[in-house]
Q: 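Have a look at this one.
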Amino acid sequence: MKTEVYSAVSQKENGTRLGADLIRRGQIVAFPTETVYGLGANGLDPGAVGRIFEAKGRPNDNPLILHVARKSDVKALWTSIPPVARQLMDVFWPGPLTLVYFKSDIVPDEVTAGLPTVAVRCPRHKTALALIRAAGLPVAAPSANASGKPSPTTAQHVLEDMDGKIPLILDGGPCKIGVESTVLSLTGTPRILRPGGVTKEMIEAVIGEVQLSSAVLAKLDQSEKVESPGMKYRHYAPDAEVIVVKGEARAVANRIKSEYEHYESCGFSCTILATEQTKTFYHGKNYVIIGDRDEPETLCARLFSCLRRLSGSTDVILAEEQPAVGAGMAFMNRLLHAAGFKTLQA
Ligand code: AMP
Ligand code: MG
(Lines give C-alpha, C1' and ligand atoms only; values in the text may rest on other atoms or scores of the structure.)
(Ligands and ions follow the chains in the order given, each with its own letter.)
Protein backbone atom coordinates (compact mmCIF):
# COMPACT_ATOMS: atom_id res chain seq x y z
CA MET A 1 0.00 0.00 0.00
CA LYS A 2 1.31 3.47 -0.86
CA THR A 3 1.15 5.97 2.02
CA GLU A 4 0.25 9.51 0.89
CA VAL A 5 1.18 12.52 3.03
CA TYR A 6 -1.12 15.55 2.67
CA SER A 7 -0.41 18.93 4.22
CA ALA A 8 -3.18 19.87 6.65
CA VAL A 9 -2.61 23.49 5.62
CA SER A 10 -1.99 23.72 1.84
CA GLN A 11 -4.09 20.62 1.01
CA LYS A 12 -6.62 21.20 3.77
CA GLU A 13 -9.88 20.62 1.90
CA ASN A 14 -8.65 17.69 -0.22
CA GLY A 15 -6.97 16.10 2.79
CA THR A 16 -10.07 16.32 4.95
CA ARG A 17 -12.33 15.02 2.17
CA LEU A 18 -10.05 12.13 1.26
CA GLY A 19 -9.45 11.28 4.93
CA ALA A 20 -13.16 11.28 5.77
CA ASP A 21 -13.92 9.12 2.69
CA LEU A 22 -11.26 6.61 3.66
CA ILE A 23 -12.58 6.44 7.23
CA ARG A 24 -16.16 5.96 6.04
CA ARG A 25 -14.90 3.13 3.81
CA GLY A 26 -13.32 1.32 6.76
CA GLN A 27 -9.70 2.44 6.15
CA ILE A 28 -7.20 4.09 8.52
CA VAL A 29 -6.01 7.71 8.41
CA ALA A 30 -3.26 9.26 10.56
CA PHE A 31 -4.04 12.78 11.71
CA PRO A 32 -2.57 15.43 14.03
CA THR A 33 -4.10 16.27 17.39
CA GLU A 34 -2.88 18.70 20.06
CA THR A 35 -1.46 15.73 22.03
CA VAL A 36 0.20 13.30 19.56
CA TYR A 37 -0.65 11.99 16.06
CA GLY A 38 -3.54 9.52 16.02
CA LEU A 39 -4.36 6.52 13.83
CA GLY A 40 -8.09 6.92 13.13
CA ALA A 41 -10.77 4.54 11.89
CA ASN A 42 -14.56 4.13 12.11
CA GLY A 43 -15.08 3.46 15.82
CA LEU A 44 -18.40 1.72 15.22
CA ASP A 45 -17.02 -0.79 12.69
CA PRO A 46 -15.26 -3.81 14.23
CA GLY A 47 -13.45 -4.55 10.95
CA ALA A 48 -12.02 -1.03 10.71
CA VAL A 49 -11.02 -1.12 14.37
CA GLY A 50 -9.29 -4.46 13.75
CA ARG A 51 -7.17 -2.78 11.05
CA ILE A 52 -5.83 -0.30 13.65
CA PHE A 53 -4.66 -3.13 15.92
CA GLU A 54 -3.04 -4.81 12.91
CA ALA A 55 -1.22 -1.66 11.67
CA LYS A 56 0.15 -0.90 15.15
CA GLY A 57 0.80 -4.47 16.23
CA ARG A 58 -1.22 -3.51 19.32
CA PRO A 59 -2.28 -6.26 21.75
CA ASN A 60 -6.05 -6.62 21.35
CA ASP A 61 -6.71 -6.40 25.08
CA ASN A 62 -5.64 -2.71 25.04
CA PRO A 63 -8.80 -0.59 24.43
CA LEU A 64 -9.02 2.44 22.15
CA ILE A 65 -10.27 5.98 22.72
CA LEU A 66 -13.24 7.21 20.63
CA HIS A 67 -12.85 10.77 19.31
CA VAL A 68 -15.89 12.98 18.76
CA ALA A 69 -16.27 16.43 17.20
CA ARG A 70 -19.04 17.71 19.51
CA LYS A 71 -19.77 17.24 23.21
CA SER A 72 -23.29 16.08 22.38
CA ASP A 73 -21.89 13.13 20.36
CA VAL A 74 -20.94 11.39 23.59
CA LYS A 75 -24.63 10.77 24.37
CA ALA A 76 -24.85 7.91 21.88
CA LEU A 77 -21.68 6.25 23.25
CA TRP A 78 -22.37 6.10 27.02
CA THR A 79 -25.37 4.73 28.93
CA SER A 80 -25.87 8.25 30.37
CA ILE A 81 -23.83 11.38 31.04
CA PRO A 82 -22.94 11.70 34.74
CA PRO A 83 -23.06 15.31 36.09
CA VAL A 84 -19.33 15.27 36.85
CA ALA A 85 -18.64 14.47 33.17
CA ARG A 86 -20.74 17.46 32.11
CA GLN A 87 -18.75 19.75 34.40
CA LEU A 88 -15.45 18.48 33.00
CA MET A 89 -16.60 18.56 29.37
CA ASP A 90 -17.73 22.17 29.81
CA VAL A 91 -14.27 23.21 31.00
CA PHE A 92 -11.86 20.93 29.14
CA TRP A 93 -13.53 19.92 25.85
CA PRO A 94 -12.36 20.31 23.22
CA GLY A 95 -9.00 19.39 24.74
CA PRO A 96 -6.61 16.72 26.03
CA LEU A 97 -8.93 15.03 28.56
CA THR A 98 -10.35 11.53 27.92
CA LEU A 99 -13.32 10.43 30.02
CA VAL A 100 -14.15 6.77 30.73
CA TYR A 101 -17.76 5.76 31.48
CA PHE A 102 -20.15 2.83 30.86
CA LYS A 103 -20.57 2.11 27.15
CA SER A 104 -23.81 1.97 25.17
CA ASP A 105 -24.70 -0.98 22.93
CA ILE A 106 -23.54 0.71 19.72
CA VAL A 107 -19.88 0.62 20.85
CA PRO A 108 -18.25 -2.59 19.60
CA ASP A 109 -16.36 -4.82 22.04
CA GLU A 110 -13.33 -4.57 19.72
CA VAL A 111 -12.97 -0.88 20.74
CA THR A 112 -13.19 -1.50 24.48
CA ALA A 113 -11.34 -4.82 24.51
CA GLY A 114 -14.44 -6.35 26.06
CA LEU A 115 -14.63 -3.83 28.94
CA PRO A 116 -18.07 -2.50 29.93
CA THR A 117 -16.69 1.05 29.68
CA VAL A 118 -15.56 3.26 26.80
CA ALA A 119 -13.05 6.13 26.72
CA VAL A 120 -14.14 9.27 24.81
CA ARG A 121 -12.39 12.54 23.99
CA CYS A 122 -13.09 15.63 21.91
CA PRO A 123 -9.73 16.89 20.60
CA ARG A 124 -8.94 20.58 20.15
CA HIS A 125 -6.83 20.43 16.97
CA LYS A 126 -8.61 22.00 13.96
CA THR A 127 -7.53 19.26 11.53
CA ALA A 128 -8.71 16.51 13.88
CA LEU A 129 -12.06 18.21 14.42
CA ALA A 130 -12.58 18.82 10.68
CA LEU A 131 -11.76 15.19 9.88
CA ILE A 132 -14.07 13.73 12.55
CA ARG A 133 -16.88 16.11 11.56
CA ALA A 134 -16.52 15.26 7.87
CA ALA A 135 -16.43 11.52 8.62
CA GLY A 136 -19.65 11.96 10.62
CA LEU A 137 -18.92 9.17 13.09
CA PRO A 138 -16.88 8.56 16.26
CA VAL A 139 -13.25 7.96 15.28
CA ALA A 140 -11.32 5.32 17.23
CA ALA A 141 -7.75 6.55 17.43
CA PRO A 142 -4.73 5.36 19.40
CA SER A 143 -1.36 7.06 19.00
CA ALA A 144 -0.02 6.51 15.47
CA ASN A 145 3.18 4.66 16.47
CA ALA A 146 4.05 1.00 16.16
CA SER A 147 3.02 -0.55 19.48
CA GLY A 148 5.67 -0.05 22.19
CA LYS A 149 7.55 2.76 20.39
CA PRO A 150 7.56 6.45 21.41
CA SER A 151 4.37 8.20 20.29
CA PRO A 152 4.64 10.32 17.13
CA THR A 153 4.62 14.10 17.46
CA THR A 154 5.33 14.84 13.76
CA ALA A 155 4.06 13.39 10.47
CA GLN A 156 7.62 12.17 9.79
CA HIS A 157 7.49 10.05 12.97
CA VAL A 158 4.22 8.52 11.74
CA LEU A 159 5.77 7.76 8.36
CA GLU A 160 8.73 6.02 10.07
CA ASP A 161 6.34 3.55 11.73
CA MET A 162 3.41 3.36 9.29
CA ASP A 163 4.85 3.70 5.77
CA GLY A 164 3.13 1.14 3.54
CA LYS A 165 0.64 0.17 6.26
CA ILE A 166 -1.92 2.99 5.93
CA PRO A 167 -3.16 4.99 2.91
CA LEU A 168 -2.99 8.56 4.27
CA ILE A 169 -1.20 10.80 6.78
CA LEU A 170 -2.45 14.36 7.33
CA ASP A 171 0.57 16.50 8.20
CA GLY A 172 -0.30 19.29 10.64
CA GLY A 173 3.25 20.02 11.85
CA PRO A 174 4.57 19.24 15.35
CA CYS A 175 2.02 18.53 18.13
CA LYS A 176 1.87 21.28 20.77
CA ILE A 177 1.43 19.18 23.91
CA GLY A 178 3.49 16.17 22.82
CA VAL A 179 2.16 13.63 25.33
CA GLU A 180 -1.20 11.84 25.16
CA SER A 181 -4.43 12.92 26.79
CA THR A 182 -5.17 12.49 30.47
CA VAL A 183 -7.42 9.43 30.97
CA LEU A 184 -9.94 9.91 33.81
CA SER A 185 -12.34 7.16 34.86
CA LEU A 186 -15.78 8.32 36.06
CA THR A 187 -17.29 4.92 36.84
CA GLY A 188 -16.72 5.47 40.58
CA THR A 189 -14.75 8.12 42.47
CA PRO A 190 -12.98 10.04 39.66
CA ARG A 191 -9.60 8.46 39.10
CA ILE A 192 -6.70 9.35 36.82
CA LEU A 193 -5.63 6.24 34.93
CA ARG A 194 -3.05 8.06 32.80
CA PRO A 195 -1.72 11.60 33.40
CA GLY A 196 -1.57 13.84 30.33
CA GLY A 197 -2.29 17.23 28.82
CA VAL A 198 -4.80 18.21 31.54
CA THR A 199 -3.12 18.04 34.95
CA LYS A 200 -4.46 16.57 38.21
CA GLU A 201 -4.42 20.09 39.67
CA MET A 202 -6.53 21.44 36.78
CA ILE A 203 -9.13 18.68 37.20
CA GLU A 204 -9.24 19.14 40.98
CA ALA A 205 -9.88 22.87 40.55
CA VAL A 206 -13.16 21.89 38.82
CA ILE A 207 -14.46 18.77 40.62
CA GLY A 208 -12.42 18.53 43.84
CA GLU A 209 -10.01 15.80 44.85
CA VAL A 210 -9.43 12.93 42.42
CA GLN A 211 -7.61 9.64 42.89
CA LEU A 212 -4.49 8.60 41.05
CA SER A 213 -3.99 5.06 39.78
CA SER A 214 -1.02 3.37 41.44
CA ALA A 215 0.26 2.44 37.96
CA VAL A 216 0.99 6.08 37.05
CA LEU A 217 4.42 6.37 38.68
CA ALA A 218 5.18 2.80 39.77
CA LYS A 219 5.43 -0.55 38.08
CA LEU A 220 2.32 -2.69 38.41
CA ASP A 221 2.66 -5.75 40.59
CA GLN A 222 1.80 -9.00 38.78
CA SER A 223 -1.04 -9.53 41.24
CA GLU A 224 -2.51 -6.00 40.95
CA LYS A 225 -5.74 -5.39 39.08
CA VAL A 226 -5.15 -3.58 35.78
CA GLU A 227 -7.45 -0.56 35.58
CA SER A 228 -6.23 0.67 32.24
CA PRO A 229 -4.86 -2.20 30.19
CA GLY A 230 -2.48 0.09 28.27
CA MET A 231 -0.46 0.67 31.44
CA LYS A 232 0.75 -2.89 31.77
CA TYR A 233 2.81 -2.83 28.57
CA ARG A 234 6.34 -1.50 27.98
CA HIS A 235 5.62 1.74 26.21
CA TYR A 236 7.26 4.67 24.52
CA ALA A 237 10.52 2.73 24.34
CA PRO A 238 13.35 3.80 22.02
CA ASP A 239 15.90 1.34 20.70
CA ALA A 240 18.23 2.03 23.64
CA GLU A 241 18.32 1.22 27.35
CA VAL A 242 16.72 4.09 29.31
CA ILE A 243 17.67 4.56 32.98
CA VAL A 244 16.05 7.18 35.21
CA VAL A 245 18.17 8.50 38.09
CA LYS A 246 16.08 9.69 41.03
CA GLY A 247 16.87 12.04 43.88
CA GLU A 248 17.99 15.60 44.62
CA ALA A 249 19.18 17.43 41.45
CA ARG A 250 22.90 17.73 42.31
CA ALA A 251 23.17 14.14 43.55
CA VAL A 252 21.36 12.97 40.41
CA ALA A 253 23.88 14.74 38.17
CA ASN A 254 26.81 13.18 40.06
CA ARG A 255 25.31 9.70 39.84
CA ILE A 256 24.61 10.16 36.13
CA LYS A 257 28.24 11.14 35.56
CA SER A 258 29.55 8.06 37.36
CA GLU A 259 27.09 5.75 35.52
CA TYR A 260 28.13 7.35 32.23
CA GLU A 261 31.80 6.66 32.94
CA HIS A 262 31.01 3.11 34.04
CA TYR A 263 29.04 2.32 30.85
CA GLU A 264 31.67 3.95 28.65
CA SER A 265 34.44 1.92 30.27
CA CYS A 266 32.42 -1.20 29.39
CA GLY A 267 32.27 -0.10 25.74
CA PHE A 268 28.69 1.24 25.65
CA SER A 269 27.79 4.63 24.20
CA CYS A 270 25.75 6.89 26.50
CA THR A 271 23.64 10.01 26.10
CA ILE A 272 22.35 12.13 28.96
CA LEU A 273 18.93 13.80 28.89
CA ALA A 274 19.91 17.11 30.52
CA THR A 275 18.03 20.32 31.28
CA GLU A 276 19.11 23.95 30.90
CA GLN A 277 19.84 23.97 34.63
CA THR A 278 22.00 20.84 34.67
CA LYS A 279 23.84 20.93 31.32
CA THR A 280 27.02 22.43 32.83
CA PHE A 281 27.48 19.32 35.01
CA TYR A 282 27.91 17.22 31.87
CA HIS A 283 30.69 19.16 30.17
CA GLY A 284 32.69 16.90 27.80
CA LYS A 285 29.99 14.18 27.75
CA ASN A 286 27.25 13.40 25.20
CA TYR A 287 24.08 15.10 26.29
CA VAL A 288 20.92 16.58 24.79
CA ILE A 289 19.04 19.40 26.47
CA ILE A 290 15.40 18.46 26.66
CA GLY A 291 14.27 21.80 28.09
CA ASP A 292 13.96 23.91 31.20
CA ARG A 293 13.41 22.13 34.51
CA ASP A 294 10.88 24.78 35.48
CA GLU A 295 8.81 24.30 32.31
CA PRO A 296 7.48 20.74 32.44
CA GLU A 297 5.14 21.49 29.49
CA THR A 298 8.22 21.97 27.29
CA LEU A 299 9.77 18.77 28.63
CA CYS A 300 6.57 16.93 27.67
CA ALA A 301 6.48 18.53 24.22
CA ARG A 302 10.02 17.35 23.44
CA LEU A 303 10.28 13.98 25.18
CA PHE A 304 9.05 11.66 22.42
CA SER A 305 10.96 13.39 19.62
CA CYS A 306 14.13 13.25 21.78
CA LEU A 307 13.65 9.53 22.41
CA ARG A 308 13.03 8.90 18.70
CA ARG A 309 16.11 10.89 17.71
CA LEU A 310 18.31 8.94 20.13
CA SER A 311 16.75 5.59 19.25
CA GLY A 312 19.39 3.35 17.70
CA SER A 313 22.12 5.99 17.94
CA THR A 314 23.18 5.39 21.55
CA ASP A 315 23.23 2.29 23.75
CA VAL A 316 22.16 3.92 27.01
CA ILE A 317 20.07 7.01 27.78
CA LEU A 318 20.59 8.38 31.30
CA ALA A 319 17.69 10.61 32.34
CA GLU A 320 17.15 12.86 35.34
CA GLU A 321 14.06 12.54 37.49
CA GLN A 322 11.90 15.69 37.33
CA PRO A 323 9.32 16.78 39.91
CA ALA A 324 6.08 14.86 39.20
CA VAL A 325 3.78 17.84 39.71
CA GLY A 326 1.64 19.64 37.14
CA ALA A 327 2.69 18.59 33.63
CA GLY A 328 5.73 16.94 35.29
CA MET A 329 3.51 14.01 36.26
CA ALA A 330 2.79 13.12 32.61
CA PHE A 331 6.48 13.62 31.81
CA MET A 332 7.63 11.23 34.55
CA ASN A 333 4.92 8.68 33.65
CA ARG A 334 6.12 8.52 30.02
CA LEU A 335 9.81 8.56 30.97
CA LEU A 336 9.42 5.75 33.52
CA HIS A 337 7.48 3.66 31.00
CA ALA A 338 10.16 4.31 28.35
CA ALA A 339 12.68 3.01 30.91
CA GLY A 340 10.54 -0.02 31.70
CA PHE A 341 10.69 1.41 35.27
CA LYS A 342 14.45 0.92 35.43
CA THR A 343 15.56 3.50 38.04
CA LEU A 344 18.60 4.24 40.21
CA GLN A 345 18.52 6.21 43.45
CA ALA A 346 21.19 8.95 43.66
P1 AMP B 1 -3.53 5.30 23.34
O2 AMP B 1 -4.54 4.72 22.41
O3 AMP B 1 -2.14 4.94 22.99
O4 AMP B 1 -3.72 6.76 23.58
O5 AMP B 1 -3.88 4.60 24.72
C6 AMP B 1 -5.19 4.68 25.24
C7 AMP B 1 -5.15 4.51 26.72
O8 AMP B 1 -6.47 4.62 27.24
C9 AMP B 1 -4.61 3.15 27.13
O10 AMP B 1 -3.76 3.30 28.25
C11 AMP B 1 -5.88 2.39 27.48
O12 AMP B 1 -5.64 1.36 28.42
C13 AMP B 1 -6.76 3.50 28.05
N14 AMP B 1 -8.19 3.15 27.90
C15 AMP B 1 -8.92 3.15 26.78
N16 AMP B 1 -10.18 2.74 27.02
C17 AMP B 1 -10.25 2.48 28.33
C18 AMP B 1 -11.29 1.99 29.20
N19 AMP B 1 -12.49 1.69 28.74
N20 AMP B 1 -10.98 1.83 30.52
C21 AMP B 1 -9.75 2.12 30.98
N22 AMP B 1 -8.73 2.57 30.21
C23 AMP B 1 -8.97 2.75 28.91
MG1 MG C 1 -0.23 4.90 22.52
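When a ligand or atom number is given, it counts from 1 through the structure's own listing order.
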Q: Does the distance from a Lys or Arg side-chain N to an Asp or Glu carboxylate O, for R293 and E276, drop under 4.0 Å?
A: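 Result for this pair is no, no salt bridge flagged.
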Q: Does any non-hydrogen side-chain atom of E320 lie less than 4.5 Å from one of V245?
A: no
Q: Hey, is the Mg ion (ligand 2) within less than 2.8 Å of some N/O/S atom on S147?
A: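 No, S147 does not qualify, because none of its backbone or side-chain N, O or S atoms lies under 2.8 Å.
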Q: Give the atom numbers and elements of ligand 1 that come within less than 4.0 Å of a heavy atom of V100.
A: 18 (C), 19 (N), 20 (N)
Q: Under a 4.0 angstrom heavy-atom cut-off, which atoms of ligand 1 come close to L193?
A: 21 (C), 22 (N)
Q: Any carboxylate oxygen within less than 4.0 angstrom of a Lys/Arg side-chain nitrogen, looking at K200 and E204?
A: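 Judged by the 4.0 Å cut-off on N to carboxylate O distance, K200 and E204 do form a salt bridge.
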Q: For ligand 1, which atoms, with element, lie under 4.0 Å from some heavy atom of T117?
A: 18 (C), 19 (N), 20 (N)
Q: When you look for heavy atoms under 4.0 Å from ligand 1, do you find them on the side chain of R58, its backbone, both, or neither?
A: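 It is the side chain that touches ligand 1; the backbone stays farther off.
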Q: In terms of hydrophobic clusters joined by side-chain contacts under 4.5 Å, are V84 and M202 together?
A: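 Same cluster.
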Q: So that I can tick it off, tell me whether D161 and R308 are bridged by a salt bridge, with the cut-off set at under 4.0 angstrom between side-chain N and carboxylate O.
A: yes
Q: With heavy-atom distances below 4.0 Å as the criterion, list the atoms of ligand 1 near N62.
A: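 By the 4.0 Å cutoff, the relevant atoms are 9 (C), 11 (C), 12 (O).
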Q: Is the shortest distance from a Lys or Arg side-chain nitrogen in K71 or D90 to a carboxylate oxygen in the other one below 4.0 Å?
A: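 Judged by the 4.0 Å cut-off on N to carboxylate O distance, K71 and D90 do form a salt bridge.
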Q: Please work out, at 4.0 Å between heavy atoms, whether the side chain, the backbone, both, or neither of T98 comes within that distance of ligand 1.
A: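 The answer is neither.
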Q: Which residue from S143, G38, A215, A141 reaches closest to atom 3 (O) of ligand 1 through any of its heavy atoms?
A: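 Answer by nearest heavy atom: S143.
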Q: Output yes when K285 and E261 qualify as a salt bridge under the 4.0 Å nitrogen-oxygen rule, no when they do not.
A: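 Looking at K285 and E261, the cut-off is met.
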Q: Do the charged groups of R121 and E34 touch, with an N to O distance under 4.0 Å?
A: yes
Q: Closer than 4.0 Å to some heavy atom of L115 - which atoms of ligand 1 meet that?
A: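 Result: 18 (C), 19 (N), 20 (N).
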Q: Backbone, side chain, both or neither: what part of T112 comes under 4.0 angstrom of ligand 1, heavy atoms only?
A: neither
Q: Return the option from R191, K56, R194, E180 holding the heavy atom at the smallest distance from atom 6 (C) of ligand 1.
A: R194
Q: Look at atom 2 (O) of ligand 1 and find which of P142, P63, A119, A113 reaches it with the closest heavy atom.
A: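 Considering heavy atoms of P142, P63, A119, A113, the nearest to atom 2 (O) of ligand 1 sits in P142.
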